[in-house]
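See structure below.
Residue numbering restarts at 1 for every chain, and letters A, B, ... go by the order of the sequence lines.
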Amino acid sequence: MANNSKTILKLTVNGEAREDLVPPNILLIDYLREVVTITGTKSGCDGGECGACTILINGNPTLSCISLAVSQSGKNIETIESLATNGRLSILQQMFHEKLGTQCGFCTPGMIMASEALLRKNDNPTDDEITKALEGNLCRCTGYVKILESVKAVIGDNARVRV
Amino acid sequence: MEFLPDFDVKRPLTIVEAVAMAAMKNTCFLAGGTDLMPNLRRGVGNPKTLVDLSAIAEMTEINETDSGLCIGGGVTLQQLIANPQIQRDFNVVMEAAETIAGTTHRYTATVGGNLCLDTRCQYYNQSEWWRSANDYCLKHKGNICHVAPKGNICRAAFSGDLAPAMLIHEAQVELISTEGRRVVNLDDMYQEDGANSLTLKQGELLASVTLSKLDGYQTAYKKMRVRGGVDFPLAGVAMAVRGSEDNLEDMRIALTGTNSRPIRLEGTDALKGKPLDEAGLKALGKLVFAQVMPMRSTFTPAAYRRKVAINMVRRLALNLLCQAYSKR
Ligand SMILES: Cc1cc2nc3c(=O)[nH]c(=O)nc-3n(C[C@H](O)[C@H](O)[C@H](O)COP(=O)(O)OP(=O)(O)OC[C@H]3O[C@@H](n4cnc5c(N)ncnc54)[C@H](O)[C@@H]3O)c2cc1C
Ligand code: SF4
Ligand code: FES
Ligand code: FES
(Lines give C-alpha, C1' and ligand atoms only; values in the text may rest on other atoms or scores of the structure.)
(Ligands and ions follow the chains in the order given, each with its own letter.)
Protein backbone atom coordinates (compact mmCIF):
# COMPACT_ATOMS: atom_id res chain seq x y z
CA MET A 1 0.00 0.00 0.00
CA ALA A 2 1.03 3.53 -0.65
CA ASN A 3 3.55 5.38 1.40
CA ASN A 4 2.38 8.52 -0.30
CA SER A 5 0.25 10.73 1.84
CA LYS A 6 -3.43 10.07 2.04
CA THR A 7 -5.89 12.79 1.13
CA ILE A 8 -9.48 13.46 2.01
CA LEU A 9 -11.81 12.47 -0.79
CA LYS A 10 -15.19 14.20 -0.82
CA LEU A 11 -17.83 12.77 -3.10
CA THR A 12 -21.34 11.37 -3.19
CA VAL A 13 -21.93 7.64 -3.25
CA ASN A 14 -25.49 6.47 -3.86
CA GLY A 15 -26.93 9.74 -2.62
CA GLU A 16 -24.82 9.93 0.51
CA ALA A 17 -22.20 12.68 0.85
CA ARG A 18 -18.95 11.14 2.09
CA GLU A 19 -15.50 12.16 3.22
CA ASP A 20 -12.87 9.44 3.39
CA LEU A 21 -9.15 9.42 3.93
CA VAL A 22 -7.71 7.54 0.95
CA PRO A 23 -4.27 6.81 -0.52
CA PRO A 24 -3.57 8.23 -4.00
CA ASN A 25 -3.18 4.83 -5.64
CA ILE A 26 -6.45 3.19 -4.67
CA LEU A 27 -8.73 2.14 -7.51
CA LEU A 28 -12.31 3.33 -7.43
CA ILE A 29 -13.57 -0.26 -7.30
CA ASP A 30 -11.41 -1.00 -4.26
CA TYR A 31 -12.54 2.21 -2.60
CA LEU A 32 -16.18 1.20 -3.10
CA ARG A 33 -15.73 -2.38 -1.98
CA GLU A 34 -13.20 -1.93 0.84
CA VAL A 35 -13.75 1.58 2.17
CA VAL A 36 -17.44 2.22 1.52
CA THR A 37 -17.96 -1.55 1.96
CA ILE A 38 -20.55 -1.96 -0.76
CA THR A 39 -19.61 -5.08 -2.67
CA GLY A 40 -22.21 -5.18 -5.43
CA THR A 41 -19.67 -3.87 -7.95
CA LYS A 42 -17.65 -6.80 -9.27
CA SER A 43 -14.14 -7.19 -10.62
CA GLY A 44 -14.04 -9.59 -13.55
CA CYS A 45 -10.70 -9.02 -15.27
CA ASP A 46 -7.26 -7.52 -14.75
CA GLY A 47 -8.33 -4.13 -15.97
CA GLY A 48 -10.65 -2.57 -18.52
CA GLU A 49 -11.63 -5.63 -20.51
CA CYS A 50 -14.95 -6.98 -19.21
CA GLY A 51 -17.31 -4.30 -17.89
CA ALA A 52 -18.26 -6.15 -14.68
CA CYS A 53 -17.14 -3.14 -12.62
CA THR A 54 -19.33 -0.60 -14.48
CA ILE A 55 -20.77 2.12 -12.25
CA LEU A 56 -22.16 5.57 -13.01
CA ILE A 57 -20.10 8.71 -12.51
CA ASN A 58 -22.28 11.81 -12.91
CA GLY A 59 -24.67 9.55 -14.79
CA ASN A 60 -22.09 8.23 -17.26
CA PRO A 61 -21.19 4.53 -17.33
CA THR A 62 -17.56 4.13 -16.26
CA LEU A 63 -15.20 1.27 -15.44
CA SER A 64 -14.33 1.53 -11.76
CA CYS A 65 -11.41 -0.92 -12.11
CA ILE A 66 -9.35 1.52 -14.19
CA SER A 67 -10.44 4.72 -12.46
CA LEU A 68 -8.66 6.16 -9.44
CA ALA A 69 -10.72 7.07 -6.39
CA VAL A 70 -8.93 10.42 -5.94
CA SER A 71 -9.95 11.51 -9.45
CA GLN A 72 -13.61 11.40 -8.38
CA SER A 73 -13.50 14.34 -6.00
CA GLY A 74 -16.84 16.17 -6.12
CA LYS A 75 -18.44 13.54 -8.35
CA ASN A 76 -21.69 11.68 -7.96
CA ILE A 77 -21.16 7.91 -7.94
CA GLU A 78 -23.99 5.42 -8.36
CA THR A 79 -23.59 1.69 -7.97
CA ILE A 80 -25.93 -1.27 -8.32
CA GLU A 81 -26.89 -0.81 -4.64
CA SER A 82 -28.63 2.45 -5.53
CA LEU A 83 -31.31 0.92 -7.72
CA ALA A 84 -33.53 -0.97 -5.29
CA THR A 85 -35.83 1.13 -3.11
CA ASN A 86 -37.10 -0.09 0.26
CA GLY A 87 -35.94 -3.58 -0.55
CA ARG A 88 -37.80 -3.61 -3.89
CA LEU A 89 -35.81 -4.24 -7.05
CA SER A 90 -36.03 -1.61 -9.77
CA ILE A 91 -37.98 -2.72 -12.80
CA LEU A 92 -34.74 -3.16 -14.74
CA GLN A 93 -33.33 -5.41 -12.01
CA GLN A 94 -36.62 -7.29 -11.83
CA MET A 95 -36.55 -7.93 -15.58
CA PHE A 96 -32.97 -9.24 -15.49
CA HIS A 97 -34.24 -11.64 -12.84
CA GLU A 98 -37.43 -12.70 -14.61
CA LYS A 99 -36.05 -12.93 -18.15
CA LEU A 100 -32.95 -14.85 -17.03
CA GLY A 101 -30.67 -11.96 -18.01
CA THR A 102 -28.76 -12.92 -14.90
CA GLN A 103 -27.43 -16.43 -14.44
CA CYS A 104 -24.22 -16.77 -12.44
CA GLY A 105 -24.69 -13.04 -11.78
CA PHE A 106 -21.11 -11.92 -12.00
CA CYS A 107 -21.54 -9.63 -14.99
CA THR A 108 -24.98 -8.49 -13.83
CA PRO A 109 -24.18 -5.36 -11.77
CA GLY A 110 -22.13 -4.03 -14.69
CA MET A 111 -24.74 -5.02 -17.28
CA ILE A 112 -27.50 -3.36 -15.29
CA MET A 113 -25.58 -0.14 -14.63
CA ALA A 114 -24.59 0.16 -18.31
CA SER A 115 -28.24 -0.49 -19.31
CA GLU A 116 -29.47 1.98 -16.68
CA ALA A 117 -27.21 4.68 -18.16
CA LEU A 118 -28.57 3.99 -21.62
CA LEU A 119 -32.22 4.02 -20.53
CA ARG A 120 -31.87 7.34 -18.72
CA LYS A 121 -30.63 8.95 -21.93
CA ASN A 122 -32.87 7.03 -24.31
CA ASP A 123 -36.04 5.49 -22.97
CA ASN A 124 -36.85 3.64 -26.19
CA PRO A 125 -33.58 2.22 -27.56
CA THR A 126 -33.44 -0.07 -30.59
CA ASP A 127 -31.80 -3.50 -30.38
CA ASP A 128 -28.73 -2.01 -32.04
CA GLU A 129 -28.55 0.80 -29.52
CA ILE A 130 -28.79 -1.65 -26.62
CA THR A 131 -26.12 -3.89 -28.14
CA LYS A 132 -23.85 -0.90 -28.69
CA ALA A 133 -24.35 0.36 -25.12
CA LEU A 134 -23.42 -3.06 -23.76
CA GLU A 135 -20.57 -3.81 -26.19
CA GLY A 136 -17.96 -3.51 -23.44
CA ASN A 137 -19.79 -5.82 -21.03
CA LEU A 138 -18.92 -9.50 -21.30
CA CYS A 139 -21.07 -12.37 -20.05
CA ARG A 140 -19.96 -15.98 -19.99
CA CYS A 141 -23.35 -17.49 -19.16
CA THR A 142 -26.34 -16.03 -20.94
CA GLY A 143 -25.23 -15.83 -24.56
CA TYR A 144 -26.46 -12.20 -24.43
CA VAL A 145 -29.92 -12.90 -25.93
CA LYS A 146 -31.48 -13.06 -22.47
CA ILE A 147 -29.77 -9.82 -21.51
CA LEU A 148 -31.11 -8.06 -24.58
CA GLU A 149 -34.59 -9.41 -23.76
CA SER A 150 -34.29 -8.19 -20.17
CA VAL A 151 -33.47 -4.64 -21.24
CA LYS A 152 -36.17 -4.67 -23.91
CA ALA A 153 -38.72 -5.75 -21.31
CA VAL A 154 -38.50 -2.36 -19.60
CA ILE A 155 -38.92 -0.15 -22.65
CA GLY A 156 -41.96 1.33 -24.36
CA ASP A 157 -45.21 -0.57 -24.03
CA ASN A 158 -43.53 -3.43 -22.17
CA ALA A 159 -42.71 -1.10 -19.30
CA ARG A 160 -46.23 0.29 -19.09
CA VAL A 161 -47.67 -3.20 -18.76
CA ARG A 162 -45.28 -3.94 -15.90
CA VAL A 163 -45.56 -0.84 -13.79
CA MET B 1 -7.79 -5.77 -3.44
CA GLU B 2 -5.57 -4.61 -6.25
CA PHE B 3 -2.19 -3.10 -5.43
CA LEU B 4 -1.10 -0.41 -7.81
CA PRO B 5 2.48 0.83 -7.77
CA ASP B 6 3.24 3.42 -5.17
CA PHE B 7 2.54 6.73 -6.90
CA ASP B 8 1.29 10.13 -5.94
CA VAL B 9 -1.53 11.88 -7.83
CA LYS B 10 -1.76 15.59 -8.54
CA ARG B 11 -4.91 17.25 -9.87
CA PRO B 12 -4.11 20.61 -11.46
CA LEU B 13 -6.87 22.96 -12.58
CA THR B 14 -4.93 24.66 -15.37
CA ILE B 15 -2.53 23.70 -18.15
CA VAL B 16 0.18 25.93 -16.67
CA GLU B 17 -0.01 24.08 -13.35
CA ALA B 18 -0.10 20.71 -15.09
CA VAL B 19 3.06 21.21 -17.13
CA ALA B 20 4.92 22.55 -14.11
CA MET B 21 3.97 19.42 -12.16
CA ALA B 22 4.96 17.13 -15.03
CA ALA B 23 8.39 18.59 -15.68
CA MET B 24 10.04 16.14 -13.27
CA LYS B 25 11.27 12.71 -14.32
CA ASN B 26 9.10 9.67 -13.57
CA THR B 27 5.96 11.75 -13.94
CA CYS B 28 3.25 11.05 -16.44
CA PHE B 29 -0.12 12.44 -17.44
CA LEU B 30 -3.31 10.61 -16.59
CA ALA B 31 -6.28 11.50 -18.78
CA GLY B 32 -9.16 8.98 -18.98
CA GLY B 33 -6.77 6.28 -17.81
CA THR B 34 -8.29 3.69 -20.13
CA ASP B 35 -4.85 2.85 -21.55
CA LEU B 36 -2.57 3.94 -18.72
CA MET B 37 -4.39 2.25 -15.84
CA PRO B 38 -4.55 -1.24 -17.41
CA ASN B 39 -0.83 -0.87 -18.17
CA LEU B 40 -0.01 0.18 -14.60
CA ARG B 41 -2.09 -2.69 -13.25
CA ARG B 42 -0.03 -5.04 -15.41
CA GLY B 43 3.23 -3.63 -14.12
CA VAL B 44 4.18 -1.76 -17.28
CA GLY B 45 5.72 1.52 -16.18
CA ASN B 46 6.36 2.67 -12.66
CA PRO B 47 5.71 6.41 -12.46
CA LYS B 48 6.27 8.19 -9.16
CA THR B 49 3.67 10.86 -9.91
CA LEU B 50 0.56 10.96 -12.04
CA VAL B 51 -0.70 14.35 -13.15
CA ASP B 52 -4.44 13.86 -13.50
CA LEU B 53 -5.75 16.10 -16.30
CA SER B 54 -9.43 15.46 -15.67
CA ALA B 55 -10.07 18.65 -13.71
CA ILE B 56 -8.65 21.02 -16.35
CA ALA B 57 -11.69 22.72 -17.87
CA GLU B 58 -9.72 24.57 -20.57
CA MET B 59 -8.80 21.23 -22.16
CA THR B 60 -12.38 20.11 -22.70
CA GLU B 61 -13.50 22.65 -25.27
CA ILE B 62 -14.27 22.20 -28.97
CA ASN B 63 -14.08 25.49 -30.88
CA GLU B 64 -14.60 26.40 -34.52
CA THR B 65 -11.64 28.05 -36.27
CA ASP B 66 -11.52 29.86 -39.63
CA SER B 67 -10.81 26.66 -41.53
CA GLY B 68 -11.80 23.89 -39.19
CA LEU B 69 -12.08 22.82 -35.60
CA CYS B 70 -9.86 23.01 -32.52
CA ILE B 71 -10.41 20.10 -30.13
CA GLY B 72 -9.08 20.15 -26.56
CA GLY B 73 -6.86 17.25 -25.54
CA GLY B 74 -9.20 16.48 -22.66
CA VAL B 75 -12.32 16.17 -24.83
CA THR B 76 -13.79 12.70 -24.32
CA LEU B 77 -14.50 10.41 -27.25
CA GLN B 78 -18.19 10.49 -26.33
CA GLN B 79 -18.15 14.29 -26.46
CA LEU B 80 -16.37 14.13 -29.83
CA ILE B 81 -18.90 11.72 -31.35
CA ALA B 82 -21.81 13.84 -30.13
CA ASN B 83 -20.39 17.09 -31.52
CA PRO B 84 -22.47 18.45 -34.45
CA GLN B 85 -19.46 19.92 -36.29
CA ILE B 86 -17.62 16.62 -36.09
CA GLN B 87 -20.70 14.87 -37.42
CA ARG B 88 -21.09 17.36 -40.25
CA ASP B 89 -17.57 18.05 -41.45
CA PHE B 90 -15.32 15.31 -40.08
CA ASN B 91 -17.04 12.04 -40.86
CA VAL B 92 -13.81 10.04 -40.86
CA VAL B 93 -13.00 11.27 -37.34
CA MET B 94 -16.46 10.44 -36.07
CA GLU B 95 -16.39 6.97 -37.62
CA ALA B 96 -12.96 6.29 -36.12
CA ALA B 97 -14.00 7.53 -32.65
CA GLU B 98 -17.09 5.34 -32.67
CA THR B 99 -14.96 2.23 -33.08
CA ILE B 100 -12.62 2.96 -30.17
CA ALA B 101 -12.85 0.54 -27.25
CA GLY B 102 -16.36 0.11 -25.77
CA THR B 103 -19.16 2.58 -25.04
CA THR B 104 -18.25 2.57 -21.37
CA HIS B 105 -14.61 3.42 -22.11
CA ARG B 106 -15.56 6.29 -24.41
CA TYR B 107 -17.19 8.31 -21.63
CA THR B 108 -13.77 8.77 -20.01
CA ALA B 109 -11.27 8.09 -22.82
CA THR B 110 -9.91 11.32 -24.27
CA VAL B 111 -8.65 12.60 -27.60
CA GLY B 112 -5.22 13.43 -26.09
CA GLY B 113 -4.90 9.98 -24.55
CA ASN B 114 -5.83 8.37 -27.84
CA LEU B 115 -3.28 10.35 -29.85
CA CYS B 116 -0.60 9.66 -27.21
CA LEU B 117 -1.47 5.98 -26.91
CA ASP B 118 1.29 3.55 -26.06
CA THR B 119 2.13 1.02 -28.81
CA ARG B 120 0.90 -2.55 -28.42
CA CYS B 121 2.35 -6.03 -28.69
CA GLN B 122 1.28 -9.52 -27.67
CA TYR B 123 4.53 -9.84 -25.67
CA TYR B 124 4.06 -6.52 -23.90
CA ASN B 125 0.37 -6.10 -23.04
CA GLN B 126 0.53 -8.97 -20.58
CA SER B 127 0.71 -9.34 -16.82
CA GLU B 128 3.98 -8.85 -14.98
CA TRP B 129 4.01 -12.57 -14.25
CA TRP B 130 3.57 -13.46 -17.93
CA ARG B 131 6.28 -11.07 -19.09
CA SER B 132 8.75 -12.11 -16.41
CA ALA B 133 8.27 -15.78 -17.37
CA ASN B 134 9.18 -14.76 -20.91
CA ASP B 135 12.27 -12.80 -19.79
CA TYR B 136 10.58 -9.48 -20.64
CA CYS B 137 11.49 -7.75 -23.94
CA LEU B 138 13.26 -4.72 -25.39
CA LYS B 139 10.32 -2.39 -24.85
CA HIS B 140 10.32 -2.88 -21.09
CA LYS B 141 12.97 -4.36 -18.80
CA GLY B 142 14.32 -6.96 -21.28
CA ASN B 143 17.09 -7.34 -23.83
CA ILE B 144 15.59 -8.94 -26.88
CA CYS B 145 12.58 -8.46 -29.07
CA HIS B 146 10.50 -11.65 -29.34
CA VAL B 147 8.90 -10.37 -32.53
CA ALA B 148 12.13 -9.63 -34.40
CA PRO B 149 14.91 -11.21 -32.31
CA LYS B 150 17.68 -10.19 -34.70
CA GLY B 151 16.70 -6.54 -34.62
CA ASN B 152 17.48 -3.97 -32.01
CA ILE B 153 14.32 -1.95 -32.27
CA CYS B 154 10.86 -2.59 -30.83
CA ARG B 155 8.23 -3.28 -33.49
CA ALA B 156 5.11 -2.91 -31.33
CA ALA B 157 2.19 -1.53 -33.33
CA PHE B 158 0.66 1.90 -32.90
CA SER B 159 -3.02 1.04 -32.59
CA GLY B 160 -4.85 4.30 -31.99
CA ASP B 161 -7.81 4.90 -34.28
CA LEU B 162 -8.04 8.70 -34.19
CA ALA B 163 -4.56 9.48 -35.49
CA PRO B 164 -5.06 8.26 -39.08
CA ALA B 165 -8.46 9.95 -39.28
CA MET B 166 -6.98 13.22 -38.04
CA LEU B 167 -3.97 12.96 -40.37
CA ILE B 168 -6.46 13.04 -43.26
CA HIS B 169 -7.60 16.44 -41.96
CA GLU B 170 -4.05 17.90 -41.75
CA ALA B 171 -4.12 17.79 -37.96
CA GLN B 172 -1.81 20.07 -36.02
CA VAL B 173 -1.17 19.56 -32.34
CA GLU B 174 -0.53 22.24 -29.77
CA LEU B 175 2.15 21.02 -27.36
CA ILE B 176 2.88 22.82 -24.11
CA SER B 177 5.68 22.31 -21.62
CA THR B 178 7.58 24.45 -19.12
CA GLU B 179 9.82 25.36 -22.07
CA GLY B 180 6.93 26.92 -23.94
CA ARG B 181 4.35 26.21 -26.59
CA ARG B 182 4.87 24.72 -30.04
CA VAL B 183 2.52 23.71 -32.81
CA VAL B 184 3.56 20.74 -34.96
CA ASN B 185 1.97 18.57 -37.60
CA LEU B 186 0.44 15.52 -35.94
CA ASP B 187 2.50 13.48 -38.41
CA ASP B 188 5.67 14.79 -36.76
CA MET B 189 4.54 13.73 -33.30
CA TYR B 190 5.27 10.10 -34.21
CA GLN B 191 8.34 8.09 -35.12
CA GLU B 192 8.86 4.49 -36.24
CA ASP B 193 10.13 3.09 -32.93
CA GLY B 194 7.76 0.91 -30.92
CA ALA B 195 9.50 1.64 -27.61
CA ASN B 196 9.51 5.38 -28.19
CA SER B 197 6.87 6.19 -30.75
CA LEU B 198 6.11 9.74 -29.60
CA THR B 199 8.45 12.65 -30.17
CA LEU B 200 7.06 14.47 -27.13
CA LYS B 201 9.53 15.71 -24.53
CA GLN B 202 9.24 14.82 -20.84
CA GLY B 203 6.24 16.63 -19.44
CA GLU B 204 5.01 17.94 -22.76
CA LEU B 205 1.23 18.18 -22.85
CA LEU B 206 -1.00 17.80 -25.89
CA ALA B 207 -3.27 20.75 -25.18
CA SER B 208 -5.33 20.63 -28.37
CA VAL B 209 -5.51 19.35 -31.92
CA THR B 210 -6.73 21.44 -34.84
CA LEU B 211 -8.32 19.88 -37.90
CA SER B 212 -8.85 21.46 -41.32
CA LYS B 213 -12.10 20.96 -43.20
CA LEU B 214 -12.02 19.13 -46.52
CA ASP B 215 -14.58 20.49 -48.94
CA GLY B 216 -15.90 18.24 -51.67
CA TYR B 217 -14.35 15.03 -50.33
CA GLN B 218 -16.01 11.82 -49.19
CA THR B 219 -14.33 10.44 -46.09
CA ALA B 220 -14.59 7.23 -44.09
CA TYR B 221 -12.80 4.98 -41.58
CA LYS B 222 -12.66 1.19 -41.63
CA LYS B 223 -10.88 -1.13 -39.24
CA MET B 224 -10.36 -4.84 -39.00
CA ARG B 225 -10.39 -6.41 -35.57
CA VAL B 226 -11.04 -9.75 -33.94
CA ARG B 227 -14.48 -8.85 -32.54
CA GLY B 228 -16.96 -6.34 -33.94
CA GLY B 229 -16.65 -4.18 -30.83
CA VAL B 230 -14.10 -3.09 -28.22
CA ASP B 231 -10.99 -4.49 -29.90
CA PHE B 232 -7.99 -2.52 -31.13
CA PRO B 233 -7.42 -2.36 -34.90
CA LEU B 234 -5.34 -5.11 -36.48
CA ALA B 235 -5.31 -2.67 -39.36
CA GLY B 236 -7.25 0.57 -39.72
CA VAL B 237 -7.72 2.78 -42.80
CA ALA B 238 -8.80 6.41 -42.93
CA MET B 239 -9.54 7.86 -46.34
CA ALA B 240 -10.72 10.95 -48.19
CA VAL B 241 -11.42 10.95 -51.94
CA ARG B 242 -12.68 13.49 -54.45
CA GLY B 243 -13.85 12.70 -57.97
CA SER B 244 -15.42 9.61 -59.49
CA GLU B 245 -14.44 6.12 -60.59
CA ASP B 246 -13.79 7.57 -64.05
CA ASN B 247 -11.65 10.38 -62.79
CA LEU B 248 -9.98 10.24 -59.40
CA GLU B 249 -9.31 13.88 -58.58
CA ASP B 250 -7.61 13.44 -55.23
CA MET B 251 -7.07 10.83 -52.58
CA ARG B 252 -5.64 10.86 -49.06
CA ILE B 253 -5.05 7.70 -47.08
CA ALA B 254 -3.65 7.03 -43.61
CA LEU B 255 -3.28 3.74 -41.77
CA THR B 256 -2.96 2.52 -38.21
CA GLY B 257 -2.24 -0.83 -36.55
CA THR B 258 0.33 -1.83 -39.14
CA ASN B 259 3.46 0.09 -38.11
CA SER B 260 4.92 1.55 -34.93
CA ARG B 261 3.41 4.86 -35.92
CA PRO B 262 0.33 5.90 -37.89
CA ILE B 263 1.33 6.35 -41.52
CA ARG B 264 0.18 8.51 -44.41
CA LEU B 265 0.21 6.49 -47.58
CA GLU B 266 2.61 8.08 -50.03
CA GLY B 267 2.48 7.95 -53.83
CA THR B 268 -1.25 8.27 -54.43
CA ASP B 269 -0.66 11.40 -56.52
CA ALA B 270 0.33 9.12 -59.40
CA LEU B 271 -3.24 7.81 -59.48
CA LYS B 272 -4.82 11.23 -59.82
CA GLY B 273 -6.56 12.41 -63.00
CA LYS B 274 -7.23 8.82 -64.09
CA PRO B 275 -10.01 6.31 -63.64
CA LEU B 276 -9.60 4.05 -60.63
CA ASP B 277 -9.90 0.93 -62.79
CA GLU B 278 -8.32 -2.46 -62.31
CA ALA B 279 -4.85 -1.11 -63.07
CA GLY B 280 -5.40 1.79 -60.67
CA LEU B 281 -6.55 -0.51 -57.90
CA LYS B 282 -3.56 -2.76 -58.47
CA ALA B 283 -1.20 0.19 -58.23
CA LEU B 284 -2.97 1.32 -55.07
CA GLY B 285 -2.57 -2.14 -53.55
CA LYS B 286 1.14 -2.07 -54.35
CA LEU B 287 1.57 1.22 -52.51
CA VAL B 288 -0.05 -0.27 -49.42
CA PHE B 289 1.99 -3.47 -49.69
CA ALA B 290 5.22 -1.51 -49.80
CA GLN B 291 4.48 0.86 -46.94
CA VAL B 292 2.70 -1.16 -44.26
CA MET B 293 4.90 -3.24 -42.01
CA PRO B 294 2.75 -5.50 -39.82
CA MET B 295 4.90 -7.68 -37.57
CA ARG B 296 4.25 -10.67 -35.34
CA SER B 297 3.05 -8.31 -32.60
CA THR B 298 -0.52 -9.68 -32.63
CA PHE B 299 -1.95 -13.19 -32.41
CA THR B 300 -3.38 -12.57 -35.87
CA PRO B 301 -0.66 -13.37 -38.43
CA ALA B 302 1.16 -10.38 -39.91
CA ALA B 303 0.73 -11.56 -43.51
CA TYR B 304 -3.02 -11.62 -43.04
CA ARG B 305 -3.02 -8.09 -41.62
CA ARG B 306 -1.07 -6.87 -44.63
CA LYS B 307 -3.52 -8.54 -47.02
CA VAL B 308 -6.47 -7.09 -45.16
CA ALA B 309 -4.94 -3.60 -45.18
CA ILE B 310 -4.56 -3.78 -48.96
CA ASN B 311 -8.10 -5.03 -49.50
CA MET B 312 -9.63 -2.54 -47.08
CA VAL B 313 -7.92 0.34 -48.88
CA ARG B 314 -9.10 -0.82 -52.30
CA ARG B 315 -12.64 -1.51 -51.18
CA LEU B 316 -12.96 1.75 -49.28
CA ALA B 317 -11.68 3.73 -52.27
CA LEU B 318 -14.32 2.21 -54.54
CA ASN B 319 -17.09 2.68 -51.98
CA LEU B 320 -16.24 6.31 -51.45
CA LEU B 321 -16.03 7.02 -55.18
CA CYS B 322 -19.46 5.42 -55.64
CA GLN B 323 -20.81 7.60 -52.82
CA ALA B 324 -19.27 10.67 -54.45
CA TYR B 325 -20.93 9.71 -57.74
CA SER B 326 -24.36 9.19 -56.22
CA LYS B 327 -24.18 12.56 -54.45
CA ARG B 328 -23.82 14.45 -57.72
C1 LIG C 1 -10.58 -3.07 -23.72
C2 LIG C 1 -9.96 -1.88 -24.37
C3 LIG C 1 -10.12 -1.69 -25.74
C4 LIG C 1 -9.55 -0.60 -26.38
N5 LIG C 1 -9.75 -0.45 -27.72
C6 LIG C 1 -9.22 0.60 -28.37
C7 LIG C 1 -9.41 0.76 -29.76
O8 LIG C 1 -10.13 -0.01 -30.41
N9 LIG C 1 -8.82 1.81 -30.38
C10 LIG C 1 -8.05 2.70 -29.71
O11 LIG C 1 -7.53 3.63 -30.32
N12 LIG C 1 -7.85 2.58 -28.37
C13 LIG C 1 -8.43 1.56 -27.68
N14 LIG C 1 -8.23 1.43 -26.32
C15 LIG C 1 -7.30 2.32 -25.64
C16 LIG C 1 -7.89 3.56 -24.99
O17 LIG C 1 -9.13 3.28 -24.39
C18 LIG C 1 -8.10 4.71 -25.94
O19 LIG C 1 -7.01 4.82 -26.81
C20 LIG C 1 -8.32 6.05 -25.22
O21 LIG C 1 -8.66 7.05 -26.15
C22 LIG C 1 -7.11 6.52 -24.44
O23 LIG C 1 -7.43 7.76 -23.86
P24 LIG C 1 -7.32 8.02 -22.27
O25 LIG C 1 -7.79 9.40 -22.05
O26 LIG C 1 -8.00 6.97 -21.52
O27 LIG C 1 -5.75 7.91 -22.10
P28 LIG C 1 -4.86 7.58 -20.82
O29 LIG C 1 -4.91 6.12 -20.56
O30 LIG C 1 -5.19 8.48 -19.71
O31 LIG C 1 -3.44 7.98 -21.41
C32 LIG C 1 -2.82 7.27 -22.46
C33 LIG C 1 -1.40 7.81 -22.63
O34 LIG C 1 -1.41 9.13 -23.14
C35 LIG C 1 -0.77 10.04 -22.25
N36 LIG C 1 -1.58 11.26 -22.30
C37 LIG C 1 -2.92 11.34 -22.06
N38 LIG C 1 -3.36 12.59 -22.31
C39 LIG C 1 -2.28 13.31 -22.70
C40 LIG C 1 -2.10 14.67 -23.11
N41 LIG C 1 -3.13 15.54 -23.17
N42 LIG C 1 -0.85 15.09 -23.45
C43 LIG C 1 0.19 14.21 -23.40
N44 LIG C 1 0.07 12.91 -23.04
C45 LIG C 1 -1.16 12.47 -22.70
C46 LIG C 1 -0.75 9.35 -20.91
O47 LIG C 1 0.35 9.77 -20.13
C48 LIG C 1 -0.61 7.89 -21.33
O49 LIG C 1 0.72 7.59 -21.62
C50 LIG C 1 -8.80 0.34 -25.64
C51 LIG C 1 -8.64 0.16 -24.27
C52 LIG C 1 -9.21 -0.93 -23.64
C53 LIG C 1 -9.02 -1.10 -22.16
S1 SF4 D 1 7.87 -5.73 -30.67
FE2 SF4 D 1 9.50 -6.81 -29.55
S3 SF4 D 1 10.38 -5.33 -28.13
FE4 SF4 D 1 8.44 -4.48 -28.87
S5 SF4 D 1 6.95 -5.08 -27.35
FE6 SF4 D 1 6.92 -6.70 -28.89
S7 SF4 D 1 8.42 -8.22 -28.20
FE8 SF4 D 1 8.74 -6.35 -27.02
S1 FES E 1 -13.30 -5.50 -13.87
FE2 FES E 1 -13.43 -3.56 -14.81
S3 FES E 1 -13.49 -4.04 -16.89
FE4 FES E 1 -13.20 -5.99 -15.97
S1 FES F 1 -24.53 -14.18 -15.88
FE2 FES F 1 -22.65 -15.21 -15.58
S3 FES F 1 -21.24 -13.87 -16.54
FE4 FES F 1 -23.13 -13.05 -17.12
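- The closest side-chain heavy-atom distance from Glu49(A) to Val230(B) is not below 4.5 Å.
- Interface remark: Leu36(B) contributes no atoms to any contact with chain A (heavy atom separation under 4.5 Å).
- Here His146(B) pairs with Tyr123(B) under the ring pair (Phe, Tyr, Trp, His ring centres under 6.0 Å) rule; sequence neighbours left out.
- Contacts between Ala101(B) and chain A at a heavy-atom distance below 4.5 Å involve the backbone alone (N, CA, C, O).
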Exercise for review: Would you check, one step at a time, whether the test salt bridge (charged side-chain N to carboxylate O under 4.0 Å, His left out) holds for Arg42(B) with Asp46(A)?
Suggested key: CA-CA 8 Å; Arg42(B) 283 162 209 161; Asp46(A) 70 347; 2.9 Å; yes

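- Enclosure of atom CZ in Arg140(A) is not indicated, since only 12 or fewer non-hydrogen atoms of other residues, nucleotides or ligands lie within 6.0 angstrom.
- For Lys10(A), the NZ atom sits in a loose shell: 12 or fewer heavy atoms of surrounding residues, nucleotides or ligands are nearer than 6.0 Å.
- Within 6.0 Å of CZ on Arg88(A) lie no more than 12 heavy atoms contributed by other residues, nucleotides or ligands.
- Contacts of Leu30(B) with chain A are made by side-chain atoms alone, with heavy-atom separations under 4.5 Å and no backbone atom involved.
- Considering CG of Leu4(B) and CD1 of Ile26(A), their distance stands at 9.5 Å, rounded to 0.5 Å.
- Note on Glu98(B), Gln78(B), Arg227(B), Met37(B): by heavy-atom pairs under 4.5 Å with chain A, the leading option is Met37(B).
- Residues of residues 58-72 of chain A that come within less than 4.5 angstrom of chain B, heavy atom to heavy atom, are Asn60(A), Pro61(A), Thr62(A), Leu63(A), Cys65(A), Ile66(A), Leu68(A), Val70(A), Ser71(A) in numerical order.
- By the 6.0 Å contact criterion, CD1 on Ile8(A) is open, its count of non-hydrogen atoms from other residues, nucleotides or ligands being 12 or less.
- Counting all heavy atoms, side chain and backbone alike, Pro24(A) lies closest to Val9(B) at O-CG2, 3.5 Å.
- In this structure Tyr221(B) satisfies the ring pair (Phe, Tyr, Trp, His ring centres under 6.0 Å) test with no other residue, sequence neighbours excluded.
- Heavy-atom proximity under 4.5 angstrom to chain B picks out Lys132(A), Ala133(A), Glu135(A), Gly136(A), Asn137(A), Leu138(A) from residues 130-139 of chain A.
- Of the atoms belonging to Thr104(B), heavy atoms from both backbone and side chain fall under 4.5 Å from chain A.
- Atoms CZ and OG1, from Arg11(B) and Thr7(A) in turn, are 10.0 Å apart once rounded to the nearest 0.5 Å.
- Looking at Ser73(A), both its backbone and its side chain come within 4.5 Å of chain B, counting heavy atoms on both sides.
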